[in-house]
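This report concerns only the one structure given below.
No hydrogens, no waters, no symmetry mates; every other heavy atom, side chains included, goes into these values. Chain letters run A, B, ... following the sequence lines, proteins first and then strands; every chain starts at 1.
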Amino acid sequence: MRNERLTRITVRILIVLLPLLLFEVLVRMRILDPFTFIPFTEMIRTMGKLLMTQQFVSDSIIPTAGEAMASFISAAVIGILFGIVLWRSDSLYHTVQPYLMLFYAVPVFAIYPVFISLFGTGPLPVIIVGFLFAVVTVITNTAIGFRETKNVFIKVGKSLNLNFRQMLFHVYIPAAWPYIFTGLKLALAYSIIGVVATEFILSTRGLGHSIAFAYNNFDLKGMYGGILLVIAIILVVNTILGYFESALYNRNMKGH
Amino acid sequence: MSNTWHSVGRYTLPVGLFILWEALYLLVKEPAMASPWQSIVALVNNAGEWLTDIGITLTALLVSFAICAVMGTIFGFFVGLSSFWTQTIHPILLALYSIPKVTLYPVFLLVFGLTVEGRIAFSVFHGIFPICIICMEATRMIPKTYLKLATAYQMSFVQKVRYIIIPAILPQLVVGLRMGFSLCFLGLILSEMFASYKGLGYRLTHYMALNQTSAILALFLIVIFLAFFFTFIFLLWQERMERKIGKTERMIEADSRGQDRS
């Protein structure tokens with residue numbers, strides 16, 4: 001059993017590393033066009049260099065981080081509140097639910113130009129797109145989390161004569177929390193993606209802008225460095241939150 | 001009784017959104033905002049000119065989705081046949097699924113140039129992962145009794161695929177295809193917005209430069225309409241599946257897994 005896990009991890013690492021190694025060799029041997037690709041090690045080095053550059057941090061990373069945080073926090077607060085409303089009101093839940101599903105299909109970025117004409121090219125339109133991209137998953141996960149509270153728990157709470165506030169803090173929230181956490185985890189990733197993507201299409205600052213700018217100026221190293229940085233950030237965020245998430249679900253399973 | 005109320009609520013929601021839109025327009029006025037009426041006028045006036053753009057975007061979308069569906073299903077299916085490979089590859093696919101793929105579009109531009117092939121390739125890359133993941137999991141979780149039945153009937157591999165495996169994975173696959181389609185569309189619009197001389201996404205950025213809000217909103221209505229139209233077809237298909245076999249635990253699971261989009 002343990003042996004199989006070990007082989008699985010080894011194979012997984014090989015699947016990731018071998019193509020990168022092959023890519024590195026092909027680029028270094030100039031079989032792949034050197035005007036299109038740069039060696040992977042070079043990308044890592046540029047990423048490191050970008051992270052060390054004061055100006056890159058203050059012009060690209062900090063604005064993007066700020067915008068992503070703003071859209072995440074607003075999505076979290078409004079999403080949870082709206083999710084609670086959908087939990088309390090059955091008729092509203094059934095009215096809105098199909099639209100929430102359809103909302104996933106809408107390419108939200110298409111509305112970005114409207115926000116630019118409404119709010120100018122400041123951070124606000126970027127934050128709103130990130131918010132719209134992230135909020136639906138918080139709403140659905142919160143509503144489902146509360147709605148799926150096991151009847152046994154509710155009955156126990158009722159039989160102990162808990163009032164609504166006590167029910168909320170001792171029954172509903174603990175039961176719904178893993179779902180809500182999943183929603184928040186996805187929302188954080190979506191906020192970052194939404195913000196970077198909108199910056200990438202049109203904006204004057206931020207990580208997404210720096211990649212688009214590097215592309216437009218034939219700065220291959222800067223472009224690949226920026227891309228790698230964005231991917232690395234998302235992977236790190238997802239891994240950390242995913243770890244907490246599975247711990248949360250495991251604990252909940254044991255508690256049952 | 002409550003059902004009629006729900007459907008009344010469902011129809012009033014879009015009406016409410018239009019009223020909100022009109023209110024917003026009255027609040028900020030032109031040129032920052034256009035009224036619903038102005039947008040519909042812009043839509044009618046430009047319809048002839050935009051028809052080619054809609055055609056270009058739709059063709060690219062359908063081509064890329066077809067590639068996505070075929071490649072994603074085949075890949076997911078063959079990996080899913082082996083439990084070892086499924087468990088090995090699953091985290092890698094999830095990680096690829098979660099990265100912001102837009103930032104990789106410049107790489108596609110460098111490889112393909114400003115061509116429709118480049119946009120299709122990017123759109124495929126943007127939409128294929130949910131199809132792979134869901135098809136893989138669906139294939140892996142086919143109940144063992146089904147496969148035993150196939151052995152009992154001494155079915156050939158082709159027969160097994162045709163009569164047992166495809167019907168068994170299709171209900172979940174439909175969910176995956178729906179997610180993949182939405183992501184293909186998103187990827188295509190993004191790539192057109194970033195760099196292109198054709199298509200709906202290009203028109204959006206074009207009118208943004210001209211500051212014609214009514215045209216932008218009209219285009220946005222077209223985009224929403226297309227997204228809803230195709231999603232609706234997928235949902236009908238999904239509903240038919242559900243009627244046939246009953247909504248299963250696995251479909252709900254596939255649905256929630258598919259939400260992990262980017």
Verdict with supporting geometry, A/Val114 and B/Met33, side-chain contact (heavy atoms from CB on, under 4.5 Å): CA-CA 8 Å; A/Val114 179; B/Met33 194 62 197; 4.2 Å; yes
Whether A/Phe200 and B/Phe194 hold their rings parallel, tilted or perpendicular, with breakpoints at 30° and 60°: parallel
Derivation of the side-chain contact (heavy atoms from CB on, under 4.5 Å) call for B/Val28 and A/Leu118: CA-CA 8 Å; B/Val28 292; A/Leu118 270 177; 3.7 Å; yes
Chain A heavy atoms under 4.5 Å from [X]: which part of the residue, side chain, backbone, both or neither?
X: B/Val111; answer: both
X: B/Phe84; answer: both
X: B/Leu235; answer: side chain
X: B/Leu226; answer: neither

Which value, rounded to the nearest 0.5 Å, describes the distance between [X] atom [atom1] and [Y] atom [atom2]?
X: B/Lys101; Y: A/Ile234; atom1: NZ; atom2: CD1; value: 10.0 Å
X: A/Tyr99; Y: B/Phe228; atom1: OH; atom2: CZ; value: 8.0 Å
X: A/Arg12; Y: B/Ile89; atom1: CZ; atom2: CD1; value: 10.0 Å
X: B/Thr103; Y: A/Ile227; atom1: OG1; atom2: CD1; value: 5.5 Å
X: A/Ile111; Y: B/Leu219; atom1: CD1; atom2: CG; value: 12.0 Å
X: B/Ser98; Y: A/Lys185; atom1: OG; atom2: NZ; value: 8.0 Å

CZ/A/Phe23: more than 12 non-hydrogen atoms of other groups inside 6.0 Å: yes
A/Tyr93 atom OH, over 12 foreign heavy atoms within 6.0 Å: yes
Over all atoms of both residues, closest heavy-atom pair of A/Pro107 and B/Phe220: O-CE1, 4.4 Å
Select one option (side chain, backbone, both, neither) describing which atoms of [X] are under 4.5 Å from chain B's heavy atoms.
X: A/Ala197; answer: both
X: A/Leu235; answer: side chain
X: A/Phe37; answer: side chain
X: A/Ala214; answer: neither
X: A/Leu202; answer: side chain
X: A/Leu220; answer: side chain
X: A/Phe109; answer: both
X: A/Ile116; answer: side chain

Working for side-chain contact (heavy atoms from CB on, under 4.5 Å), residues A/Ile15 and B/Trp85: CA-CA 11 Å; A/Ile15 291 176; B/Trp85 283 106; 3.9 Å; yes
Heavy atoms only, distances under 4.5 angstrom: which of [options] has the most pairs with chain A? Name it, please.
options: B/Ala34, B/Ser182, B/Gly187; result: B/Ser182
options: B/Leu188, B/Leu200, B/Leu190; result: B/Leu190
options: B/Leu13, B/Thr231, B/Ile189; result: B/Leu13

Top contributor to chain B interface from A/Glu199, A/Gln97, A/Met223 [non-hydrogen pairs under 4.5 Å]: A/Met223
Winner by heavy-atom pair count (cut-off under 4.5 Å) against chain B, out of A/Val96, A/Leu102, A/Val16, A/Ile211: A/Leu102
A/Val106 and B/Phe185, any side-chain heavy atoms less than 4.5 Å apart: no
Side chain to side chain, A/Ser117 and B/Asn211, heavy atoms closer than 4.5 Å: yes
Worked verdict on A/Tyr112 versus B/Ile216 for side-chain contact (heavy atoms from CB on, under 4.5 Å): CA-CA 10 Å; A/Tyr112 182 50; B/Ile216 299 172; over 6 Å; no
